[in-house]
Amino acid sequence: MLDIKFIRNNIELVEEALKKRNAKGNLDEFLKLDKSRRELIAKSEQLKQTRNEVSQEIGRLKRDKKDITHLTKEMKELGQEIKRYDRELKEVEEKLNDILLSIPNIPNEDVPVGQSDEDNKEIRRWGEVKEFDFEAKAHWDLGEELGILDPKTAAKVTGARFTFLKGLGARLERALVNFMLDLHTTEHGYTEVFPPYMVHRRSMVGTGQLPKFEEDAFKIEGTDYYMIPTAEVPVTNMYREEIIDGDILPIKHVAYSACFRAEAGSAGRDTRGLIRQHQFNKVELVKFTRPEESYEELEKLTNNAEEVLKRLGLPYRVVVLCTGDLGFSSAKTYDIEVWMPSYNRYVEISSCSNFEDFQARRADIKYRPKKGEKAVYVHTLNGSGVAVGRTVAAIMENYQMADGSIEIPKALIPYMGGVERITK
RNA sequence: GGAGAGAUGUCCGAGCUGGUUGAAGGAGCUGGUCUUGAAAACCAGUGAUACCGCAAGGUACCGAGGGUUCGAAUCCCUCUCUCUCCGCCA
């Protein structure tokens, strides 16, 4: 959410930002409602002042046993009038809030302007893309042959876009979760949290998933609960409506969680394999920082996520998303893309974003720069560190051997109980 | 699931027979006196909130949302959360 005063005073700038994002915002309506809101507040508060004064006067008169009936009658009418203004105000504020919640964040100035993911800019590459001297297979074929991926049974039990991991496949998934958590907690200084997998609506609004992207979320029928699409939601909302002690910033959390996404609008895309599932595991990095430190922290966070792929020996590149591809809440995002032989291209495995104060304002998360000073919004950041299912796919494909077996990356062997290779 | 108790400012904690209560008292914090320094003691200050307004100032806020009333932290209704006991359960 943007600051209402900021929009009012920088309407051209906001318009420009929306245009760069290919987004539309009802700014004319915003200005109208904003004006009407302030007028109604002035009116209502003026009447309330009168009411407060007269009510005190009535108290005094009553104590002196004087007649007050003419005043109470008058005040009763005044009360009705106030009620009318307040009702109207509430309506206007609701409409205004709807608009406010639907305006995306303003891209940082160094974000490249562009229409789509084709305009994203590559920042750097790491690792060598392996040339296979045999016909490389996709991970879904390898997985079925090795008996470690079983989407068919999952389809029987649940439906499309779910998978049973079996044997060393399940072990690999678990090994990766532990490997990533250990790396980020012991070497990168993140504090581990294990969050609830369901959150209420207010939390989803706090991080920006709602109200705009209702169709992407799984909602639990008959409740106010949503399955989390990422640990970002519960972990960021841990500090909702709080004023954080400035001494403990930056706060760095790492959280493993399953993630649930409806994937509306991607029917027919990535239907095979682990790339696009309704449920997947992710290790998420979340930071709360002082505003002046957030971009430095974004670089560090991205590096922390990259380290996972380096240790696993998976070739990747980092791209900065252009304005047209940027997520709703983000001011700047780096995607880390891992080399996926079956796609013959790099595929997103992590998305690291600085939301600046956009989420903090929605979720009301502040800190106090100095004792006695006014509290200000923190900056929030997060990024996958990294998506586990896609890492499994990447390992299977990049580490496959001519005989259809899969080598385990060195760093992972201790987590695999010494297993060095997955064979038939 | 059943029966109770509760939610007040940075914190603890009064008020809850409706009217100088934005809210006693204490702690904390800030400044001062005293002291070689510190502690203690004492004195003074202290909404670490949001909104409207150029300002003066005003309005709101005692878990949340409604209602009664000229006037609600105080009365009524609904909801949420916390705690205790019983039952059930991983």
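We name chains A, B, ... by the order of the sequence lines, and we start the count at 1 in each one.
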Taken to the nearest whole Å, CZ/R202(A) to C1'/C81(B) is 16 Å
Residue set satisfying salt bridge (charged side-chain N to carboxylate O under 4.0 Å, His left out) with R51(A), at least two apart, ordered chain then number -> none
For residues 377-401 of chain A, the ring pair (Phe, Tyr, Trp, His ring centres under 6.0 Å) pairs (sequence neighbours left out) are none
Whole-Å distance, E77(A) CD to G71(B) P, equals 13 Å
Atom CZ of R8(A) and atom C1' of C51(B) are separated, to the nearest Å, by 11 Å
**Separation between the C1' atoms of G2(B) and C89(B), rounded to whole Å** = 16 Å
C1' spacing across the pair G22(B) / G9(B), given as an integer number of angstrom: 9 Å
What interatomic distance, in whole Å, is found between P of U82(B) and the corresponding atom of G18(B)? 32 Å
Exercise. Under 4.0 Å: is that the gap between some side-chain N or O of R38(A) and OP1 or OP2 of C51(B)?
Worked result: no
Whole-Å distance, R37(A) CZ to G53(B) C1', equals 12 Å
When rounded to whole Å, the CG to C1' distance for the pair L89(A) and C51(B) reads 10 Å
Checking A50(B), C52(B), A48(B) against the side chain of K366(A) (C-beta onward), the nearest is A50(B)
message: Between A55(B) and C81(B), how far apart are the two P atoms, rounded to whole Å?
response: 42 Å
Scanning both residues in full, the closest heavy-atom pair of S405(A) with T423(A) reads CB-CG2, 3.6 Å
Residues passing the side chain to side chain donor-acceptor pair (under 3.5 Å) test with N105(A), sequence neighbours excluded, are none
Subject >> Donor + acceptor pair across side chains of S330(A), T333(A) (<3.5 Å) >> reply: yes
Between T72(A) and A375(A), whichever has its closest RNA chain B nucleotide further toward 5' is A375(A)
Between NZ of K73(A) and P of U69(B) the distance, given in whole Å, is 16 Å
Between the protein and nucleotides 55-59 of chain B, which nitrogen or oxygen pairs are less than 3.5 angstrom apart?
residue: G58(B); atom: N2; partner: E45(A); partner atom: OE1; Å: 2.9
residue: G58(B); atom: N2; partner: E45(A); partner atom: OE2; Å: 3.4
residue: U59(B); atom: OP1; partner: N52(A); partner atom: ND2; Å: 3.2

So the salt bridge (charged side-chain N to carboxylate O under 4.0 Å, His left out) pairs with at least one residue in residues 251-262 of chain A (sequence neighbours excluded) are none
Minimal heavy-atom distance between P409(A) and I395(A), with the atoms involved, is CD-CG2, 3.8 Å
Whole-Å distance, L100(A) CG to C51(B) P, equals 12 Å
In whole angstrom, give me the gap between the P atoms of U36(B) and A14(B). 43 Å
Salt bridge (charged side-chain N to carboxylate O under 4.0 Å, His left out) test vs E241(A) passes for just one of R202(A), R361(A), K366(A), R362(A), namely R202(A)
Margin query: Rounding to an integer number of angstrom, what distance separates A73(B) and U21(B) when you compare their P atoms?
Written below: 13 Å
Applying side-chain contact (heavy atoms from CB on, under 4.5 Å) to F213(A) and not counting sequence neighbours gives D216(A), F328(A)
Among C70(B), C52(B), A48(B), the one nearest any side-chain atom of R368(A) is A48(B)
Here RNA chain B, pairs taken as Watson-Crick or G-U under 3.5 Å and shown with ( ), [ ] when crossing and | when to another strand, reads ((((((((.[[[..)...(.....]]]((((((.......))))))(.((((....))))).[[[[[..)....]]]]])))))))....
Validation: residues 298-311 of chain A side-chain donor-acceptor distances under 3.5 Å, sequence neighbours left out:
residue: E299(A); atom: OE2; partner: Y334(A); partner atom: OH; Å: 2.6
residue: T302(A); atom: OG1; partner: L298(A); partner atom: O; Å: 2.7
residue: N303(A); atom: ND2; partner: E299(A); partner atom: O; Å: 3.3
residue: N304(A); atom: OD1; partner: Y190(A); partner atom: OH; Å: 2.6
residue: N304(A); atom: ND2; partner: K300(A); partner atom: O; Å: 3.4
residue: E306(A); atom: OE1; partner: R124(A); partner atom: NE; Å: 3.1
residue: E306(A); atom: OE1; partner: Y316(A); partner atom: OH; Å: 2.6
residue: E306(A); atom: OE2; partner: R124(A); partner atom: NE; Å: 3.4
residue: E306(A); atom: OE2; partner: R124(A); partner atom: NH2; Å: 2.5
residue: E307(A); atom: OE2; partner: R311(A); partner atom: NE; Å: 2.7
residue: E307(A); atom: OE2; partner: R311(A); partner atom: NH2; Å: 3.4
residue: R311(A); atom: NH1; partner: E187(A); partner atom: OE2; Å: 3.1
residue: R311(A); atom: NH2; partner: E187(A); partner atom: OE1; Å: 2.7

Using residues 74-89 of chain A as the side-chain source, report each donor-acceptor pair under 3.5 Å to any protein atom, sequence neighbours left out, with the distance given to one decimal.
residue: D86(A); atom: OD1; partner: S44(A); partner atom: OG; Å: 2.8
residue: D86(A); atom: OD2; partner: K48(A); partner atom: NZ; Å: 3.2

Closest to the 5' end of RNA chain B, once K62(A) and I243(A) are matched to their nearest nucleotides, is K62(A)
Residues pairing under side-chain hydrogen bond (donor to acceptor under 3.5 Å, both in side chains) where one sits in residues 223-239 of chain A, two or more places apart or in two chains, turn out to be R201(A)-Y226(A), E214(A)-Y226(A), T230(A)-K282(A), E232(A)-Q359(A), E232(A)-N382(A), N237(A)-R240(A), Y239(A)-H253(A)
**Item:** Inter-nucleotide P distance (G13(B), A72(B)), Å rounded
**Value:** 28 Å
Sorted by chain and residue number, the ring pair (Phe, Tyr, Trp, His ring centres under 6.0 Å) partners of Y197(A) (sequence neighbours excluded) come out as F194(A)
Report each atom pair, protein N/O against N/O of nucleotides 64-68 of chain B, whose distance is under 3.5 angstrom.
residue: G66(B); atom: OP1; partner: K90(A); partner atom: NZ; Å: 3.3
residue: U68(B); atom: OP2; partner: K83(A); partner atom: NZ; Å: 3.1

Suppose you measure atom P in G6(B) against the same atom in A90(B); what distance do you get, rounded to whole Å? 34 Å
Atom CG of L71(A) and atom P of G71(B) are separated, to the nearest Å, by 13 Å
Next on the checklist: If the cut-off is 4.0 Å, is R60(A) near the phosphate of G19(B), judged by side-chain N/O to OP1 or OP2?
Outcome noted: no
